[in-house]
**Student:** 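What follows is a structure written as structure tokens; I'll ask about it next.
Residue numbers start at 1 and run along the sequence shown. Order of listing sets the numbers, starting from 1, for every ligand and every atom in it.
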Amino acid sequence: MTKKHRIDVALPSMPTMKEYAEEIQSIWQTRQLTHTGPKHQQLQKELCKYLQTPNIALFANGHLALEGALEVLKLKGEVITTPFTFASTTQAIVHAGLKPVFCDIKEEDFTLDPAKIEALITPDTCAILPVHVYGNLCDHKAIAKIADKHNLKVIYDAAHAFGMSDNGLSAAVMGDVSMFSFHATKVFHTIEGGACTFKDNALNKEFAAWRQFGMYGKEDAQMPGTNAKMTEFAAAMGLCNLRHVDEEIAKRQTVAARYYQRLGGAAGITLCAAKPGVRYNYAYMPVMFDAATFGKSRDAVCGQLAAQNIFARKYFYPLTSSFSCYKGKFAIAPTPVAQKVAAQILTLPLYADLALDDVDRICDIILGKQ
Ligand SMILES: *Cc1c(COP(=O)(O)O)cnc(C)c1O
């Protein structure tokens with residue numbers, strides 16, 4: 001067993017060089033490198049099928065896809081969201097000129113707590129932006145009920161939820177819009193890339209215009225837009241990766257199962273429980289360490305792993321609500337559950353090609369057996 005090779009929290013999956021070379025060959029004939037070319041169109045079609053969504057718009061990355069969603073829905077005012085997420089979620093809200101209102105999460109799965117949403121609704125509230133964090137699907141039924149009652153839009157940050165479903169209902173069709181990230185480290189990737197899925201057909205042309213400088217046609221710009229197009233080379237990588245994604249998820253499941261077998265039941269360690277009827281993608285391996293019971297803090301475990309060249313990550317710490325750029329800008333109510341989770345959580349390495357020997361080594365270090 002090699003002791004010192006570096007292990008990072010994620011390792012991008014890749015097709016063989018030959019498969020990618022074959023996929024991109026036709027680009028030399030079409031000479032179409034971007035702008036909704038044949039690769040883009042094919043990926044769009046295949047993703048609609050895979051994600052079971054009637055519509056999808058592809059983007060240069062997930063963050064711009066999320067900003068696009070907030071813009072084409074023409075939102076104004078306050079957005080109720082979670083502080084327990086990656087910077088992108090909150091930054092998209094702020095960058096779109098909206099005000100984030102932070103709501104606490106549930107301790108069992110770290111998703112937005114529906115019981116705490118209604119108290120935060122004001123006449124200025126326009127939307128709810130929950131995150132299927134680590135692929136833990138939000139309580140979408142309760143959230144939909146609240147949104148319907150108060151006439152709010154629901155935009156899911158589904159960056160972690162590629163290919164997931166709840167009792168047959170795809171994560172791509174929960175809410176008005178769902179955003180997926182196709183960043184290199186995600187379960188499915190296009191190097192950099194992202195998408196919005198949605199039921200309302202009318203949004204197709206809005207998203208297309210928004211990512212093309214706000215231009216519906218060739219001359220006039222009818223709305224403020226940006227440049228967020230996916231290139232043909234990125235789409236080609238997506239076409240290759242999509243062929244292997246089920247196999248990748250199955251390999252991730254084997255790795256995750258080893259972690260559960262080794263760490264499950266240890267006093268002071270909490271793992272997320274699987275919910276019946278949910279199809280998981282095994283995107284992340286979040287573990288909570290209660291220092292008082294476990295005997296070591298999250299930071300201590302993180303440090304011990306790093307000393308062995310293993311780089312777990314403190315996803316998600318700190319809470320986005322405590323970012324220095326928001327200081328004094330928004331009224332931020334306390335979110336004690338999110339605070340506690342952020343202090344105890346560590347995301348362990350998990351990717352399709354992670355060897356089970358390496359998982360054992362990581363668990364031995366965590367459990368003090370090495
Ligand atoms: C990765 C990620 C994003 C942003 O996606 P990019 O494709 O990297 O722009 C947004 N939200 C969450 C929760 C993410 O993990």
Side-chain angles (χ1 to χ4, degrees), residues 8-13 43 47 51 56-71 79 81-96 98 100 102-103 105 109-112 127-138 154-164 171-172 174-175 177-197 207 210-211 226-231 234-235 237-238 241 252 272 281-286 312-321 323 338 341-342 345 347 349-351:
D8 282 292
V9 71
L11 185 71
S13 46
L43 183 63
L47 282 174
L51 297 174
I56 192 167
L58 304 181
F59 294 93
N61 58 62
H63 179 78
L64 284 169
L66 189 54
E67 277 193 23
L70 299 171
E71 301 249 1
V79 177
T81 189
T82 168
F84 187 72
T85 184
F86 183 54
S88 170
T89 318
T90 314
Q91 291 284 46
I93 294 170
V94 175
H95 206 245
L98 298 157
F102 296 103
C103 179
I105 59 173
D109 63 6
F110 321 134
T111 65
L112 207 60
I128 306 172
L129 203 171
V131 181
H132 301 302
V133 66
Y134 311 121
N136 291 337
L137 294 178
C138 296
V154 180
I155 301 105
Y156 279 104
D157 180 331
H160 299 174
F162 187 85
M164 291 192 57
M174 296 170 183
V177 177
S178 290
M179 176 280 283
F180 291 88
S181 165
F182 303 154
H183 179 259
T185 57
K186 304 300 209 268
V187 169
F188 165 80
H189 77 85
T190 61
I191 309 170
E192 290 267 7
C196 283
T197 56
F207 276 121
W210 184 80
R211 71 176 174 223
T226 190
N227 179 1
K229 298 185 296 294
M230 179 182 280
T231 72
M237 180 59 89
N241 284 335
R252 284 173 173 275
C272 292
N281 65 7
Y282 307 95
Y284 299 93
M285 186 63 217
R313 291 288 295 269
K314 295 179 198 176
Y315 290 146
F316 289 97
Y317 170 87
L319 297 179
T320 65
S321 50
F323 281 179
V341 175
I345 201 91
T347 299
L350 174 56
Y351 44 88

**Student:** Hey, can you tell me if Phe316 and His160 have their rings parallel, tilted or perpendicular (30° and 60° cut-offs)?
**Tutor:** parallel
**Student:** Can you find a non-hydrogen atom of Gly193 under 4.0 Å from ligand 1?
**Tutor:** yes
**Student:** Less than 3.5 Å between some nitrogen or oxygen of Phe182 and one of ligand 1, yes or no?
**Tutor:**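 N/O-N/O distance under 3.5 Å: no.
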**Student:** Please check whether Thr85 reaches ligand 1 - meaning an N/O of the residue sits under 3.5 Å from an N/O of the ligand, judged on distance alone.
**Tutor:**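 No, since none of the N or O atoms of Thr85 sits under 3.5 Å from an N or O of ligand 1.
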**Student:** Establish, yes or no, whether a centroid distance under 6.0 Å links the rings of Phe207 and Phe59.
**Tutor:** yes
**Student:** Considering only heavy atoms, does Glu192 approach ligand 1 within less than 4.0 Å through its side chain, its backbone, both, or neither?
**Tutor:** neither
**Student:** Output the list of atoms in ligand 1 that are nearer than 4.0 Å to some heavy atom of Asn61, sorted by atom number.
**Tutor:** 7 (O), 9 (O)
**Student:** Testing the basics here: between Phe162 and Asn281, what is the closest heavy-atom pair and its distance to 0.1 Å?
**Tutor:**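 That would be O-ND2, 3.1 Å.
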**Student:** I'd like to check which ligand 1 atoms, numbered from 1 as shown, lie under 4.0 Å from a non-hydrogen atom of Ser88.
**Tutor:**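 Listed by number with element: 3 (C), 4 (C), 10 (C).
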**Student:** If you have a sec, work out which protein heavy atom is nearest atom 11 (N) of ligand 1 and how many Å separate them, to one decimal?
**Tutor:**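 Protein heavy atom at minimum distance: Asp157 OD2, 2.8 Å.
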**Student:** Note the single closest protein heavy atom to atom 2 (C) of ligand 1, along with its residue, its atom name and the distance in Å.
**Tutor:**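 The closest one turns out to be Lys186 NZ, 3.0 Å.
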**Student:** Walk me through whether Tyr284 and Asn136 qualify under side chain to side chain contact (heavy atoms under 4.5 Å, CB included).
**Tutor:** CA-CA 10 Å; Tyr284 299 93; Asn136 291 337; over 6 Å; no
**Student:** If I take atom CG from residue Leu112 and atom OG1 from residue Thr85, how far apart are they, to the nearest 0.5 angstrom?
**Tutor:**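 Here the rounded value is 10.5 Å.
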**Student:** To the nearest 0.1 Å, how far is atom 9 (O) of ligand 1 from its closest protein heavy atom, and which atom is that?
**Tutor:** His63 N, 2.8 Å
**Student:** Rounded to the nearest 0.5 Å, what separation is found between the NE2 atom of His132 and the CE atom of Met179?
**Tutor:** 10.5 Å
**Student:** CE of Met174 to CG of Leu137: how many Å apart, nearest 0.5 Å?
**Tutor:** 5.0 Å
**Student:** Can you see which heavy atom on Thr111 is nearest to which on Val131, and at what distance?
**Tutor:** CG2-O, 3.9 Å
**Student:** Considering only protein heavy atoms, which is closest to atom 15 (O) of ligand 1, and at what distance to one decimal place?
**Tutor:**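 Ranked first by proximity to atom 15 (O) of ligand 1 is His160 NE2, 2.7 Å.
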**Student:** So which bit of Val133 gets within less than 4.0 Å of ligand 1, heavy atoms only: side chain, backbone, both or neither?
**Tutor:** neither
**Student:** Of all the non-hydrogen atoms in the protein, which one sits nearest to atom 5 (O) of ligand 1, and at what distance?
**Tutor:** Ser181 OG, 3.2 Å
